[in-house]
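Working notes for the structure below.
Letters go in sequence order (proteins before strands), and every chain restarts at 1.
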2 protein chains.
Amino acid sequence: MSKDFEVAPDNYANWFALYHLCQKLGKRKEIHINSTEFGVLLSVSQQTASRRIQNLEELNWISRNIDGKQQIIEITELGTEIMLRMYRMLKKILDSILIAGEVSEGMGEGGYYVAIEGYYNQFKEKLGFEPYKGTLNLDLDEINYSLLREKLIDMRFVTISGFKDENRNFGDVKCHHCYVFPLKDKRNKVKAAILNIDRTHHGKNIVEILAEPFLRDYFNLKDGDRVIIELIYEDKPLS
Amino acid sequence: MSKDFEVAPDNYANWFALYHLCQKLGKRKEIHINSTEFGVLLSVSQQTASRRIQNLEELNWISRNIDGKQQIIEITELGTEIMLRMYRMLKKILDSILIAGEVSEGMGEGGYYVAIEGYYNQFKEKLGFEPYKGTLNLDLDEINYSLLREKLIDMRFVTISGFKDENRNFGDVKCHHCYVFPLKDKRNKVKAAILNIDRTHHGKNIVEILAEPFLRDYFNLKDGDRVIIELIYEDKPLS
DNA sequence: ATTACTAAAACCCGAGTAG
DNA sequence: TCTACTCGGGTTTTAGTAA
């Protein structure tokens, strides 16, 4: 895993050319594309597209067989490695971005559900702490919300099972382990959980946080204060 | 989530400029960098770096405060979205690449362990099938091995617990659910499991596969035949 | 129909330097 | 010091075509 490789300015166009080829590839092993089509794909002329393919071949990022009218392109190991490296770098970048939200009024309807006995006992047991019977509402802007969802895709979650009482059904609740801390005081991290990210309230991107202390008092928060959510990547197995 | 956005040829340099800024950012909210340093980062002159920053500002990918000698740069929502989109695209590309390996001689030492009673009963129970008492060895080239590891990072796994008998200790074994099928016959997928990816044998990238049938016969495989591993992304919670 | 060469046009970079 | 303008030179693109 050498760290010396970087795409240099005179290779930007080639990198994007490779990227577009990979997109076209899908699950197949090789691509049939002529330089005119490739030009359309890249928004450049046929001539430039042709030259790009020559460049990629010289770089050993692709290999090809020109067979009369047909040009069959394969991505080489090196080419795949180039893509993989960029993926890893972007992943690292996105992982390092902190998710921030603003303290929002109200306790969130989640707060009401937490206190219900059928849920509460499970929260205690499965989260490993005895939660305050209410939630902290954090309002995330589009990009923080989008990033949070992206990060949660690959994350393990805890399921609080739904149940029935005489009147109604209570659905499953999904939680994700996290820490929260105020932007102003990064030292003071509190173990917490994000509740049911799926449901959006009031058309805003509200995320409800569950923790042992009453966070508004504990962190001395006012509406609009910024709070950071730090996800916990569990390493535990499936079963 | 508009899908209309694509980085165009006249924006490649700007995209990479943004990428390098994001790398520099880390967990901070803003970057203090002058155009000379930025030039070094991008391997271009101070003048070009300066122009790049102007471009990024016009694109609304960054915002900045020039405060006499100091230039403070923040990535905008749009800028973050640009990065996020590329991340998603690359993720999609890598997900769609099939992992292939060549059938390799021998049964792998894993085959010996599978048959041991302390393990075997767990395999049966936790994998949901009664495995053949031997493994299929697949030899992956560097890039397939690298990709496999990358994909497994975010994946759930099944732990087969270690145990002790009178003579020795048997360690934990990690398995990942997957399907396997021969490259020649994509229709014929068999439920299988990848054993303990961590250990490399003989300096090669050997991956051992566990399945109910004796795969060499079932697929009529010879050494060197190519077999595809398709990972199964479980949606199950942690507990 | 292809790919890809040549040559002119368009574009970009960086040295010099202003503010 | 810094950013960023101008402009000459170099590079890249594309139109026209050859193969």
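Comparing dT3(C), dT3(D), dG16(D) by their nearest atom to the side chain of Ser35(B) picks out dT3(D). Among the nucleotides dA4(C), dT3(D), dG14(C), the one closest to any side-chain atom of Val44(B) is dG14(C). The side chain of Gln54(B) has dA4(D) as its nearest neighbour among dA4(D), dC13(C), dA4(C).
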Return all side-chain donor-acceptor pairs below 3.5 angstrom for residues 36-44 of chain A, not counting sequence neighbours, or 'none' if the list is empty.
unit_1, atom_1, unit_2, atom_2, d
Glu37(A), OE2, Asn34(A), ND2, 3.3

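One finds a side-chain N or O of Arg64(B) lying less than 4.0 angstrom from the OP1 or OP2 phosphate oxygen of dA4(D). At least one side-chain nitrogen or oxygen of Thr48(B) sits closer than 4.0 Å to the OP1 or OP2 atom of dG14(C).
For the pair Lys186(A) and Phe181(A), the NZ or CZ position fails the cation-pi test of under 6.0 Å to the six-membered ring centre and within 45 degrees of the ring normal.
For Arg52(A) and dT3(C), the CZ to C1' distance is 16 Å, given to the nearest whole Å. If you measure from atom CD1 of Ile66(A) to atom C1' of dA1(C), you get 15 Å, rounded to the nearest angstrom. Nucleotide dC2(D) holds its C1' atom 12 Å from the CD atom of Gln47(B), rounded to whole Å. Across the protein-nucleic acid pair, Asp10(B) atom CG and dT14(D) atom C1' stand 15 Å apart, rounded to whole Å. If you measure from atom CG of Asn14(B) to atom P of dC11(C), you get 15 Å, rounded to the nearest angstrom. Distance, Asn11(A) CG to dT12(D) P: 11 Å, rounded to whole Å. Arg51(A) has its CZ atom 6 Å from the C1' atom of dT12(D), to the nearest Å. Rounded to whole Å, the distance from CG on Asn65(B) to C1' on dT3(D) is 15 Å.
In this structure Glu212(B) satisfies the side-chain contact (heavy atoms from CB on, under 4.5 Å) test together with Phe129(B), Glu130(B), sequence neighbours excluded.
Taking the six-membered ring where the residue is Trp, Trp15(A) and Trp15(B) present parallel rings, their angle staying beneath 30° rather than reaching 60°.
For the residue pair Asn65(A) / Gln71(A), no side-chain donor-acceptor distance below 3.5 Å is found, with atom types taken as modelled.
When heavy atoms are screened at a 4.0 angstrom cut-off, Gln46(B) is found touching base atoms of the nucleic acid. Nucleic acid contact class of Ile53(B) (heavy atoms, under 4.0 Å, all strands): none.
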